[in-house]
Amino acid sequence: MAQSVGIKDVARVAGVSVGTVSNVINRPDTVATETRARVLSAIDRLGYVRSESARQLRAGRSRIMGLLVLDMGNPFFVDVARGAERAARQAGLGVMVCNSAQNPGEEAEYLSLFAEQRVRGVLLTPADATGRNIEAFRRHNIPFVLVDRVAEGTTECSVSVDDVAGGALAVRHLVDAGHRSLAYVSGPPGLNQVRDRRTGALEALAEAGLGPDVLRELPTERLDVAAGRDAGARLLGLADRPTAVFCANDLLALGVLQAMYAAGVGVPDDLAIVGYDDIEFAAAAAVPLTSVRQPAVTMGAMAADLLLEETEEEGPARAHEHRRVVLQPELVVRRSSLSAR
């Protein structure tokens, strides 16, 4: 294995001291032109790259922001990451993106990694419903912002969407279309987002004078297409099949749509479907999917901005105030829910 080139190697080839090489890298104006050219030539010849991590450890500041999401296979979180990366890049920072895969154990490992790397701060969509991972991470005194989750208490910032309002939008649309027998494909019940969307769905039913028994819940272990197909198979097996289904995200909805298509069940004539997130694939599905849109890119950018504000190097450290930012969802109606009843 080839050895890495260090600052001492550059100094030896250039015939100068290590301090002079350091000055050329960090304070080039303090070094004579001829000496500076000789050092730069040695750097180019040797292929020297300075250790940014070592520099950051000496300075006590990192130029890396951590981002830990539930599922990078979900385009919604890809959009969140894109927004966060854009805001971080404008501030001269990079983003280390990690995927908990909806697993609290993996989430704990990545939070430990962030602490070991002394990242500037972390953007986090929690997978652990108990909150133990967050409590453990707080001991490291690394700032973090919750994304797609409302902060409980005032100990940190959060950027989220009003999921209760989003669930109400979805089910109100289905009720207005004449549906009186609905299902909710909900995903893991431990996730706050899943519970809040169900709460909104029940509120919309109550507004219409309908009881909670109108909504049958089909929980799934994951929030992906395969789980949606499984839920679709369960829907097909019901003796009294609902006429409409609201899914906790678009991947579940696309899985349900696949199951219906394979079974010859018409969408939307036999079953209307509404998803959540409005990922790019929603509009491109075989039957374009009605969905509750979340402003994912904006969410990521705003979360990164809050973290940058909290960790800025200039200005009084206590000027930052923790805030909860709650964005509003929007219903995007497409063909998957437009059956006439």
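Start at 1 with the first residue, then count along the sequence.
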Between CE of Met65 and OG1 of Thr311, what distance do you get to the nearest 0.5 Å? 6.5 Å
Would the distance check show the side chain of [X] and the main-chain N or O of [Y] forming a donor-acceptor pair, the cut-off being under 3.5 Å?
{"X": "Arg180", "Y": "Val214", "value": "no"}
{"X": "Thr243", "Y": "Leu271", "value": "no"}
{"X": "Ser158", "Y": "Leu146", "value": "no"}
{"X": "Ser112", "Y": "Ala108", "value": "yes"}
{"X": "Arg63", "Y": "Gly94", "value": "no"}
{"X": "Arg197", "Y": "Ala248", "value": "yes"}
{"X": "Asp163", "Y": "Asp196", "value": "no"}
{"X": "Arg86", "Y": "Ala301", "value": "no"}

Trace of the salt bridge (charged side-chain N to carboxylate O under 4.0 Å, His left out) decision for Asp230 with Arg222: CA-CA 11 Å; Asp230 175 72; Arg222 300 184 62 79; over 6 Å; no
Looking at Ala14 and Ala42, what are the two nearest heavy atoms and their distance? CB-CB, 4.0 Å
Exercise: identify the closest heavy-atom pair between Val292 and Pro329: CG1-CB, 3.6 Å
Under 3.5 Å side-chain donor-acceptor pair for His173 and Ser337: yes
Step-by-step salt bridge (charged side-chain N to carboxylate O under 4.0 Å, His left out) determination, Arg172 to Asp176: CA-CA 6 Å; Arg172 191 178 296 122; Asp176 288 346; 5.9 Å; no
So if I apply the side chain to side chain donor-acceptor pair (under 3.5 Å) rule between Glu156 and each of Arg138, Arg323, His322, which one comes out positive? Arg138
